[in-house]
**Student:** 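Can you read through this structure? Questions will come right after.
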Amino acid sequence: IRGCFCEGGLLIGKASKKDIISIDKKVIKVSDDGFFVFAFGRDYEEYSNILINKLKKKVKIEQKKYKIERINNLPNRKVEPKKEDLDKIFLDQKKIKKAKSSITDKKLFKKNFILPVSGRISGVFGSQRILNKKPKRPHYGLDIAANLGTPIYSPSGGKVILTAQNMFFTGKTVILDHGLGIKSIFAHLDNIFISEGEVIEGGTKIGTVGKTGRATGPHLHWGIYLMKTPVDPESLIGIDLNS
């Protein structure tokens, strides 16, 4: 098993289709090519119980402290959307939800994950955001501030399953399927250079940094999900996930 035993961490393991695996009483499916995955959420228990066939192991989960981020001077319409915006938001969320729920039952990435853009980390996973003094849901991703037009590269291999030019909150948006239920979402782009259906390698140029959607300045929002569970992108950087 490779990965981070931490809040927001992702585990990837190699197993036989005949192996019986459960984590915290949840039965884990082994993919057709012999991999299984599990993600720890933002607020997870201090310990996790792993059962592989008859072998049991209790492991400690690293707990994290989440900071408060205050962002002011956003246009009121981006903080409290008007009624005419709600239909657009609903359609955007429906497209994103559909993309996140799709499953490719094999591992599509071949190399380890890398940062998709060079820049300053301006927002971290799990932080609580207060927009124009109004508390919002936790930030499920990594924000990297960079100059407008800075190239963005695929952090690992996968298939492009969504490109959108004008989402209300995320602006120009790309979702990449890495296989096994793992997805990357890239938001606020200025340009998109890839198309839905393409299968790309890690390090492929997918677009450029922008400030589209709900953004106060040019940056990339990079989120990772295992199905509905958000994963901390930083927990994957520098970890050998190849088996």
Side-chain angles (χ1 to χ4, degrees), residues 1-4 8-15 17 28-40 95-119 121 125 140-144 146 150-165 170 172-210 219-243:
I1 299 177
R2 310 281 179 89
C4 182
L10 178 74
L11 303 181
I12 299 180
K14 184 78 172 175
K17 291 284 285 184
I28 308 299
K29 182 179 181 294
V30 178
S31 68
D32 289 340
D33 54 348
F35 291 93
F36 66 92
V37 289
F38 185 81
F40 301 105
K95 290 178 182 177
I96 292 174
K97 183 178 180 180
K98 181 180 178 180
K100 286 181 181 177
S101 63
S102 64
I103 298 179
T104 300
D105 195 32
K106 63 180 180 179
K107 185 164 76 79
L108 297 181
F109 63 91
K110 298 178 182 178
K111 297 182 179 180
N112 301 331
F113 282 75
I114 61 172
L115 281 173
V117 66
S118 297
I121 303 299
F125 175 89
Y140 290 131
L142 187 68
D143 284 349
I144 306 172
T150 300
I152 299 169
Y153 300 95
S154 169
S156 195
K159 182 178 180 180
V160 184
I161 57 173
L162 184 142
T163 61
Q165 295 293 325
T170 56
K172 292 186 178 181
T173 305
V174 170
I175 296 182
L176 188 62
D177 179 2
H178 299 294
L180 307 175
I182 304 168
K183 313 290 194 318
S184 275
I185 180 169
F186 309 91
H188 311 303
L189 279 65
D190 188 50
N191 293 290
I192 297 173
F193 299 143
I194 51 178
S195 301
E196 289 183 17
E198 279 190 66
V199 177
I200 62 176
E201 297 292 333
T204 300
K205 188 175 180 179
I206 63 175
T208 58
V209 171
H219 74 283
L220 172 69
H221 170 88
W222 173 33
I224 293 183
Y225 287 82
L226 176 59
M227 302 302 291
K228 296 180 181 180
T229 304
V231 173
D232 183 355
E234 285 191 291
S235 72
L236 298 181
I237 302 300
I239 294 180
D240 183 7
L241 296 174
N242 294 318
S243 297

**Student:** Using the side-chain contact (heavy atoms from CB on, under 4.5 Å) rule, take I224 and Y140 through it: C-alpha gap first, then chi angles, then the decisive distance, then the call.
**Tutor:** CA-CA 8 Å; I224 293 183; Y140 290 131; over 6 Å; no

**Student:** Minimum heavy-atom separation for A146 to V209, with atom names?
**Tutor:**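 For A146 and V209, the tightest heavy-atom pair comes out as O-CG1, 3.8 Å.
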
**Student:** How close do K17 and D32 get, heavy atom to heavy atom, and via which atoms?
**Tutor:** NZ-OD1, 3.5 Å

**Student:** Measure the spacing between CD1 of I96 and CD1 of I185 and express it to the nearest 0.5 Å.
**Tutor:**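 It comes to 4.5 Å.
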
**Student:** Under the salt bridge (charged side-chain N to carboxylate O under 4.0 Å, His left out) rule, what pairs show up with a residue in residues 219-235, not counting sequence neighbours?
**Tutor:**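 Of all non-adjacent pairs touching residues 219-235, those that pass salt bridge (charged side-chain N to carboxylate O under 4.0 Å, His left out) are K64-D232.
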
**Student:** Would you say that L11 contacts R2 through its side chain, given a criterion of any heavy-atom pair below 4.5 Å between the two side chains?
**Tutor:** no

**Student:** Which atoms form the tightest heavy-atom contact between I194 and T163, and what is the distance?
**Tutor:** O-CG2, 3.8 Å

**Student:** Using side-chain contact (heavy atoms from CB on, under 4.5 Å), reason through I152 and T208 one step at a time and then give a plain yes or no.
**Tutor:** CA-CA 5 Å; I152 299 169; T208 58; 5.5 Å; no

**Student:** Mind checking the NZ-CD1 spacing from K98 to I161? Nearest 0.5 Å is all I need.
**Tutor:**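 Reported value, rounded in 0.5 Å steps: 10.5 Å.
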
**Student:** Within the structure provided, determine whether L108 and V199 are in side-chain contact (heavy-atom separation under 4.5 Å).
**Tutor:**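 A side-chain contact is absent here, since even the closest heavy-atom pair is not under 4.5 Å.
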
**Student:** Atom OG of S154 and atom CZ of F109: how far apart are they, to the nearest 0.5 Å?
**Tutor:** 11.5 Å

**Student:** How long is the gap from CZ on F40 to CG on L10, to the nearest 0.5 Å?
**Tutor:**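 Nearest 0.5 Å value for the CZ-CG distance: 9.0 Å.
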
**Student:** Should the pair K29 and F36 be classed as cation-pi, given the thresholds of under 6.0 Å to the six-membered ring centre and 45° from the axis?
**Tutor:** no

**Student:** Taking the side chain as C-beta and beyond, is there a heavy-atom pair between D143 and H219 under 4.5 Å?
**Tutor:** yes

**Student:** In Å and rounded to the nearest 0.5 Å, what is the CG to CD1 distance from N112 to I237?
**Tutor:** 9.0 Å

**Student:** Give me the atom names and distance for the closest heavy-atom approach of L220 to A187.
**Tutor:**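 Answer, listing the atom of L220 first, then A187: CD1-O, 3.7 Å.
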
**Student:** Give every donor-acceptor pair under 3.5 Å between a side-chain atom in residues 173-183 and any protein atom, sequence neighbours left out.
**Tutor:**
| residue | atom | partner | partner atom | Å |
| --- | --- | --- | --- | --- |
| T173 | OG1 | T170 | O | 3.3 |
| T173 | OG1 | T170 | OG1 | 2.7 |
| T173 | OG1 | G171 | O | 2.9 |
| D177 | OD1 | G179 | N | 2.8 |
| D177 | OD2 | T104 | OG1 | 2.6 |
| H178 | ND1 | G157 | O | 2.8 |
| H178 | NE2 | S184 | OG | 2.8 |
| K183 | NZ | K100 | O | 3.1 |
| K183 | NZ | S102 | O | 2.4 |

**Student:** Please find the pair of heavy atoms, one from F125 and one from G8, that lie closest to each other, and give the distance.
**Tutor:**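 F125 and G8 have their closest heavy atoms at CE2-CA, 3.9 Å.
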
**Student:** Specify whether H221 and H188 have parallel, tilted or perpendicular ring planes, treating 30° as the upper limit for parallel and 60° as the lower limit for perpendicular.
**Tutor:** perpendicular

**Student:** Heavy-atom count check: over 12 atoms from other residues, nucleotides or ligands less than 6.0 Å from K97 NZ?
**Tutor:**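 Check fails, neighbour count at 12 or below.
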
**Student:** If you look at every heavy atom in P233 and V231, which pair is closest and at what distance?
**Tutor:**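 Nearest heavy atoms, P233 then V231: CD-O, 3.1 Å.
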
**Student:** Show, in sequence, the C-alpha distance, side-chain angles and deciding distance for V117 and Y153, and conclude whether the side-chain contact (heavy atoms from CB on, under 4.5 Å) test is met.
**Tutor:** CA-CA 6 Å; V117 66; Y153 300 95; over 6 Å; no

**Student:** Testing the 3.5 Å rule here: is there a donor-acceptor pair between the side chains of D105 and S31?
**Tutor:**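 Judged by distance alone, the side chains do not pair up.
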
